[in-house]
Structure formats: C-alpha cells, structure tokens
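Beneath this line is the structure, given in structure tokens, with notes to follow.
A quick note: this is a predicted structure, and the numbers were derived from the prediction, not measured.
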Amino acid sequence: MERRTVFRLSAAAGTAGVLTLDPVAFAAPTAPSDDGAGEQPDDQPGERSRTVRGHLPAGAPDWVYLPVEVPEGIREFAVSYDYDKPEVPAGTPGNALDIGVFDERGTRLGGPGFRGWSGGARTEFAVSADRATPGYLPGPVRAGTWHVVLGPYTVAPRGLDYTVTVTLRTDAARGSERHRKPQRRQRPAYPPERTRGRGRDWYRGDCHLHTVHSDGERTPAQVAAAARAAGLDFIATTEHNTTSGHGAWEGLWGRHPDGELLVLCGEEVTTRNGHYLALGTDPGTFVDWRYRARDDAYARFARRVHQADGLVVPAHPNCPFVGCQWKFGYAHADAVEVWNGPWTPDDELALGAWDNALVAGDDWLPAMGNSDAHREGQDVGHPQTVVLAADLSRRALLDGVRHGRSYLAESSRITLKLSASGPRGEHAGIGDRLRLEAPDAEAAVRLEVAGAPEGARARLLTDQGELRARSVSGDGTVTWSTTPTRATYVRAELRHPLRDGDDPAVPGRMAAMTNPLWLLPGGPGR
C-alpha cells in the first residue's frame with residue numbers, strides 16, 4: 001500500500017518547528033484494515049508493509065516526523081528508505097537525509113521515547129525485543145504511535161523526494177523467524193568503570209571514535225584491537241546521537257595479551273550548530289541533539305551530561321563541514337577538542353582560539369586531542385590525549401582531563417614532560433599552578449621530549465607567544481627561566497619540520513602539545 005504524504009507544521013518535540021506527516025495506520029493482526037482487506041497484496045504472512053512517498057522543499061525544518069500507529073501483537077518494527085540525489089551546481093549542497101525512530105513513549109525533547117538513530121549511515125533498520133540494528137536499541141514493540149524521524153541534513157534547490165517503507169512483523173513471519181518465540185530483552189553488558197592499571201601514571205586514550213553503531217566502518221572488536229596496537233590504555237565510545245554502542249564491547253575491555261584497556265561510555269551529540277562529546281557518562285545515558293543554538297536547549301543537556309558524571313567537550317569547533325562548527329559558546333564546557341585527526345588548518349584555528357582564551361585563568365578550558373576515526377586509513381590514537389590519573393578508572397581519568405593534567409600526541413612514540421620549579425623548592429607540572437613568593441621570583445621551566453620526529457621544533461609559549469625554541473630529534477630537553485610578571489602561563493609544542501612549499505610564517509604540523517602550567521605570585525600552594 002502506497003500513498004503520498006500530506007504534512008502540517010507543528011511545534012512538537014520541543015524544537016522551533018518540525019514537520020509532522022499524516023499517520024500511517026496498520027490494522028491489528030487479526031482484524032481487517034479500514035479499507036476492507038486484512039493484508040495488502042504485497043504483504044507476507046505475519047508481515048505487513050506500508051510505503052509513504054513525499055517531497056521536502058529546500059529550507060525544510062530540521063526534523064520530519066512520520067507517525068506510525070502500531071497495533072498489539074507486533075514483534076518487530078522495521079523501516080527502509082530512499083531519496084533522490086540530483087546533480088547540483090558546484091558549491092551547492094545536495095540531498096542528504098538522516099533517519100531514526102522514537103517509540104510509543106513519544107518524541108518529547110529529552111524524553112524516554114528514543115529507540116535509535118543511524119543518520120545517513122544505512123538505508124534500513126529493525127527493532128525487536130531481543131535485538132536491533134546497530135545504532136538502535138532493542139526492546140518491546142508496544143502498541144501505540146511510533147515516529148520515524150527524518151532529518152533533512154541538506155536539501156538541494158529543487159527539493160528532496162523520499163520513500164519510506166514501514167514493515168511490522170508478528171511471530172508468524174516467514175523465513176528463519178518463523179514461529180520463533182518472543183524473547184525477553186537482554187540487559188546490555190556495560191564496560192566496568194575501572195580496570196587494572198599502573199597506579200598513578202600517565203594514561204593514553206582516544207575519546208572520539210566511531211564504529212558500525214553510527215557511521216563508522218569498523219566493529220568494536222576492530223577498534224579495540226587498533227587501540228591496543230596504538231598503545232592506548234583507554235578509549236571512549238562516542239557514536240553520533242545514539243547509545244547503542246555502550247553495550248557492544250563485552251569481552252573487549254580489561255586484560256589482554258596486547259594490553260589492558262578501559263572503555264568509557266559517551267555520545268557525539270550531533271546538532272545542526274556543532275557537535276560535542278558527552279564524555280564518560282553513566283552507561284545508557286542518552287543526550288538529545290534536536291536543537292540549535294537559537295532554541296536555548298543546550299544548557300539543559302549540558303547539565304544532563306554533568307548529572308551523568310560526564311564531561312562536555314565541544315568537538316572539532318572549526319570544522320568546515322555543514323553543521324560542524326561550534327555555535328553554542330563555551331560556558332558549559334569542561335574541555336575542548338583542539339586537535340581532531342591529522343593536523344589541518346581548522347585545528348590551527350582551534351588552537352589559536354584556545355590559546356587566546358587562556359588568559360582567562362581560572363575559567364580556562366583544557367585541550368583534548370582525539371582521532372575521530374571512522375574507518376581504515378584513519379588511525380585510532382592519532383592524536384591521543386595522555387592523562388595523569390590516580391589509576392586507570394573512569395573517575396580518575398575524567399578528573400585529569402577536567403583539570404588539564406594532560407598533553408596531546410600524534411602517537412604513543414612521543415612523550416612530553418613539562419615542569420616548572422621555584423627558588424624555594426616549589427614545583428608544578430602540566431595543569432598545575434606554581435605560586436612563587438614574589439612577581440619577580442625566578443621559575444625554572446623544563447621540557448623533556450622523547451620520540452620527537454627528525455628535525456622537530458620544540459617550543460615554549462606564553463601569553464606573549466613563543467619565547468624559547470630549539471630543534472629536537474629523538475630525545476631532548478629545552479630549559480628556560482622566567483617570572484610570573486613575564487609569563488602568566490607556559491605551554492609546550494612539538495612541531496614537525498616545515499615541508500617544501502609550506503609557508504615559513506606558519507609552524508609545521510603538530511606532533512605533540514601540552515596543556516599549560518601557570519605561574520602566579522602569592523606564596524606556596526596550588
């Protein structure tokens with residue numbers, strides 16, 4: 001059965017405006033449909049489908065809801081969809097249509113109805129009591145109004161034509177599912193909050209990763225293997241707009257011949273005005289994404305992350321792609337992803353903005369570096385955040401990140417140690433405050449580098465810019481003497497040598513960098 005859609009504009013779901021289509025109705029499995037036929041000609045025993053075709057104009061709202069009236073007795077809810085991709089003029093975005101689903105509990109912003117999201121990563125999905133397509137959450141298919149949610153990410157000037165087919169299956173469906181008894185939903189096996197570590201030490205992690213549970217091509221097992229091969233101690237599962245990956249790592253954490261591994265839960269909250277990591281949240285915590293900066297909802301969901309004991313980390317804030325640049329400000333953030341994947345000009349922009357904000361002192365945001373790896377050719381752990389933590393546990397790692405006790409490196413081959421000491425034995429490391437007796441008291445700054453690329457440049461920077469640098473290959477040390485009046489903070493960078501054709505006025509690609517340490521007059525203490 002097919003029909004064209006009729007839509008009306010509403011203010012549902014707590015957003016500035018969405019399109020809500022006319023509902024799709026299914027008769028109960030044992031009753032005739034409204035048009036006098038129990039099953040349509042194309043239906044199979046135990047399986048009924050309805051197809052909706054429609055058109056979205058350029059400038060369509062962010063979310064289009066297709067209500068589906070689900071009767072009693074349904075075992076599986078399945079959807080497939082397609083849309084046209086016409087040629088567009090150079091420099092004009094074409095059609096891209098995302099998809100997800102909410103169950104009978106509704107589409108209220110932040111409500112309990114979320115059942116999955118795959119963005120544009122797949123063309124079909126299914127949800128049942130005991131299993132679901134990656135990106136979706138298994139659970140009972142209860143009677144009521146479900147909503148397929150379409151997200152027109154970009155729409156070509158001539159509009160977007162789409163087709164959505166909804167299929168409901170009962171226990172009598174043919175094939176391998178025939179007569180299979182309904183099963184109870186299995187409780188997901190979430191990762192533990194700690195694993196065997198090395199006590200207080202520097203731990204290497206990658207906190208922005210994607211698998212088949214969103215738009216990644218690797219399985220969790222492949223990501224875990226790549227993380228261990230990269231010398232990482234911890235990773236975070238951060239799928240776009242879904243928590244289905246939280247329970248996908250059973251057997252992949254903990255002890256292993258190739259190294260211990262801790263898995264943190266999280267989400268890449270992918271809004272139309274930028275992305276942020278909900279990092280290290282309680283397992284199963286869902287953070288809604290259906291808002292823009294103008295909707296005044298971001299602060300609410302940042303609080304949701306904090307209530308779940310996680311960190312808010314704006315991701316790739318200067319990414320040039322549609323919807324990726326960060327527009328929400330930094331008032332509720334705990335850190336910022338300055339370095340995302342191999343070093344590019346947008347990372348340089350993010351670094352400059354971050355460095356300019358360091359003079360805020362107590363309000364500064366620590367920098368993070370993560371790979372955002374999706375597939376082979378994108379290296380897990382390039383870059384990585386190296387965190388000083390009391391042990392290899394969720395809370396200790398997040399505490400280290402929150403306080404800036406960390407540095408970033410392109411691989412585990414590179415190690416940085418930045419410290420400063422005063423004339424009376426005062427000492428501070430990365431993220432710490434060195435308080436000296438007087439504004440003109442001397443502070444001895446020391447940067448130790450191991451594993452530097454050939455011809456790399458080690459730099460010491462302050463609120464005035466670069467004040468000390470030298471070439472380092474392999475292992476080396478840079479020392480410098482300063483005072484609180486000359487430098488509010490000191491941070492370090494390790495840059496690759498310039499390549500042929502590089503602008504000599506621009507530093508080379510980043511190999512590693514630290515968060516700052518602070519030089520303050522006012523006596524001993526932190």
Side-chain angles (χ1 to χ4, degrees), residues 9 11-19 56 58-65 91-100 107-111 114 117-121 149-155 160 208 210 214-215 238-242 266-279 281 286-306 310-341 344-347 349-350 352-354 356-357 365 368 370 372:
L9 186 63
T15 64
V18 302
L19 286 177
L56 296 175
D62 290 343
W63 315 114
V64 178
Y65 291 94
T92 302
N95 285 337
L97 185 64
D98 296 338
I99 197 166
T107 62
R108 177 172 56 87
L109 194 65
F114 174 76
W117 179 257
S118 51
V149 54
L150 302 175
Y153 185 65
T154 55
V155 179
L160 183 153
H208 188 168
H210 297 281
S214 59
D215 60 346
T238 54
E239 309 294 0
H240 293 282
N241 298 343
T242 184
E267 179 185 338
E268 183 173 6
V269 186
T270 307
T271 82
R272 298 302 178 89
N273 284 161
H275 305 181
Y276 65 98
L277 305 178
L279 177 59
T281 52
F286 168 65
V287 183
D288 215 318
W289 73 95
R290 293 170 294 159
Y291 44 87
R292 296 192 185 211
R294 67 192 182 206
D295 296 325
D296 196 27
Y298 161 67
R300 169 186 168 189
F301 289 101
R303 288 193 298 271
R304 172 76 173 123
V305 175
H306 293 149
L311 304 183
V312 173
V313 184
H316 44 66
N318 292 88
C319 176
F321 301 138
V322 173
C324 290
Q325 297 185 20
W326 185 246
K327 307 294 185 182
F328 292 94
Y330 294 92
H332 303 284
D334 301 291
V336 59
E337 189 183 70
V338 167
W339 187 354
N340 177 277
T344 55
D346 54 284
D347 297 311
L349 288 172
W354 172 77
N356 289 342
L365 288 179
M368 292 194 73
N370 301 303
D372 198 3

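- Side-chain contact between Y153 and V322: present, with at least one pair of heavy atoms (C-beta onward) separated by less than 4.5 Å.
- Under the rule for a side-chain contact (heavy atoms from CB on, under 4.5 Å), the partners of N318 that lie at least two apart in sequence or sit in another chain are D346, L349, A350.
- With values rounded to the nearest 0.5 angstrom, Y276 atom OH is found 13.5 Å from H208 atom NE2.
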- Item | Test log, rule side-chain contact (heavy atoms from CB on, under 4.5 Å), inputs F301 and L109 | CA-CA 10 Å; F301 289 101; L109 194 65; 3.8 Å; yes
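- For D347, the side-chain contact (heavy atoms from CB on, under 4.5 Å) criterion is met by W339, N340, W343, T344, not counting sequence neighbours.
- Between Y330 and V336 the shortest side-chain heavy-atom distance falls below 4.5 Å.
- Taken from CG in N273 to CH2 in W326, the straight-line distance is 9.0 Å, to the nearest 0.5 Å.
- Without hydrogens or angle criteria, T281 side chain to L279 main chain gives no donor-acceptor distance under 3.5 Å.
- For N356, the CG atom is densely surrounded, since the number of other residues' heavy atoms within 6.0 Å is greater than 12.
- Taking CG of L160 as the start and OG1 of T154 as the end, the distance is 8.5 Å to the nearest 0.5 Å.
- Shown here for Y65 and R290, the closest heavy-atom pair between the two residues is OH-NH1, 2.7 Å.
- In this structure, the side chain of D98 engages the main chain of G120 through a donor-acceptor pair within 3.5 Å.
- Looking at residues two or more places apart in sequence or on another chain, you find a side-chain hydrogen bond (donor to acceptor under 3.5 Å, both in side chains) between S214 and H210, E239.
- Remark: R292 engages D62 in a salt bridge (charged side-chain N to carboxylate O under 4.0 Å, His left out) (not counting sequence neighbours).
- Between F286 and F114, the two ring planes are parallel [angle under 30°; tilted spans 30° to 60°].
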- Task: Show your reasoning for whether side-chain contact (heavy atoms from CB on, under 4.5 Å) applies to T107 and W63.
- Result: CA-CA 11 Å; T107 62; W63 315 114; over 6 Å; no
- Item | Derivation and outcome, side-chain contact (heavy atoms from CB on, under 4.5 Å), residues V269 and H240 | CA-CA 6 Å; V269 186; H240 293 282; over 6 Å; no
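- In terms of the side-chain contact (heavy atoms from CB on, under 4.5 Å) criterion, residue partners of A299 (sequence neighbours excluded) are, by chain and number, R303, H332.
- Between V287 and V305, the closest side-chain pair of non-hydrogen atoms falls below 4.5 Å.
- Contact of the L56 side chain with the V64 side chain is registered, since non-hydrogen atoms from C-beta on lie closer than 4.5 Å.
- At a threshold of 4.5 Å between non-hydrogen side-chain atoms, the residues H275 and C324 count as touching.
- Looking at every heavy atom in both residues, A60 comes nearest to P152 through CB-CG, 4.3 Å.
- To the nearest 0.5 angstrom, H316 atom NE2 is 9.5 Å from F321 atom CZ.
- In terms of heavy atoms, E268 sits closest to A315 at OE2-CB, 4.4 Å.
- In this view, A121 and D215 satisfy the side-chain contact (heavy atoms from CB on, under 4.5 Å) rule, not counting sequence neighbours.
- Considering CG of L150 and CG of L97, their distance stands at 5.0 Å, rounded to 0.5 Å.
- The heavy-atom pair separating A333 from L365 by the smallest distance is O-CD2, 3.3 Å.
- Counting heavy atoms from C-beta on, the side chains of L277 and E337 come closer than 4.5 Å.
- One distance of note links NE2 of H306 with CG of D334; it measures 3.5 Å at 0.5 Å rounding.
- Under the 6.0 Å cut-off for aromatic ring centres, Y291 and W289 do not qualify, their centroids lying 6.0 Å or more apart.
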